[in-house]
Amino acid sequence: QVQLVESGGGLVQPGGSLRLSCVASGSIFSINTMAWYRQAPGKQRELVAGITTGDSTNYGDSVKGRFTISRDNAKNAVYLQMNSLKPEDTAVYYCNAVLRRTYYSDAYFNYWGQGTQVTVSS
């Protein structure tokens with residue numbers, strides 16, 4: 001079994017900052033891409049930021065210049081530093097990982113965390 005556990009969400013005022021963390025554990029041989037998605041009430045889940053094993057990154061247009069994704073391969077962890085937060089950033093943020101579970105199979109599996117709430121409000 002594989003688990004992704006997020007932390008770091010909460011309530012913050014507009015213009016403030018938060019740092020989200022996600023740690024993957026369980027039967028993991030290697031992790032390919034890791035990413036953060038978010039879903040606001042009544043909206044579809046959208047990509048916030050992604051990062052590859054080689055630290056190539058991509059960001060959703062609405063967060064470019066404000067959010068930074070990073071990862072620690074030794075800890076199977078991914079982070080999202082969120083600065084200059086806006087009310088429209090309010091959503092449940094989900095961690096995602098695409099990974100191999102064993103050396104003996106090159107099949108990749110897609111896993112999600114349970115989500116962490118981020119609320120930006122004065």
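The basis for the numbers below is simple: all heavy atoms, side chains too, and nothing from hydrogens, waters or symmetry mates.
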Could you tell me which non-hydrogen atom of [X] sits nearest to which non-hydrogen atom of [Y], and how far apart they are?
X: Asp55; Y: Arg71; result: OD1-CG, 3.7 Å
X: Gly113; Y: Tyr94; result: O-CD2, 3.7 Å
X: Leu4; Y: Ala24; result: CD1-CB, 4.0 Å
X: Thr90; Y: Val120; result: OG1-N, 2.9 Å
X: Gln39; Y: Ala91; result: O-CB, 3.5 Å
X: Val48; Y: Val63; result: O-CG2, 3.4 Å

I'd like to know whether CD of Gln44 has more than 12 heavy-atom contacts from other residues, nucleotides or ligands below 6.0 angstrom.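 At most 12 heavy atoms, drawn from other residues, nucleotides or ligands, come within 6.0 Å of this atom.
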Over 60° means perpendicular and under 30° means parallel, so tell me whether Phe29 and Tyr103 are parallel, tilted or perpendicular. perpendicular
Is the closest side-chain heavy-atom distance between [X] and [Y] below 4.5 Å?
X: Phe67; Y: Ile69; value: no
X: Glu6; Y: Trp36; value: yes
X: Met82; Y: Leu20; value: yes
X: Ser21; Y: Lys75; value: no
X: Val78; Y: Ile31; value: no
X: Tyr59; Y: Thr68; value: yes
X: Ser17; Y: Val12; value: no
X: Val23; Y: Val5; value: no

Against Thr33, only a single residue in Asn58, Val98, Leu99, Ile51 fulfils side-chain contact (heavy atoms from CB on, under 4.5 Å); can you say which?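 With Thr33 as partner, Asn58, Val98, Leu99, Ile51 yield a single side-chain contact (heavy atoms from CB on, under 4.5 Å), made by Val98.
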Could you walk me through whether Asp61 and Lys64 pass the salt bridge (charged side-chain N to carboxylate O under 4.0 Å, His left out) check? CA-CA 5 Å; Asp61 288 341; Lys64 286 179 181 177; 3.1 Å; yes
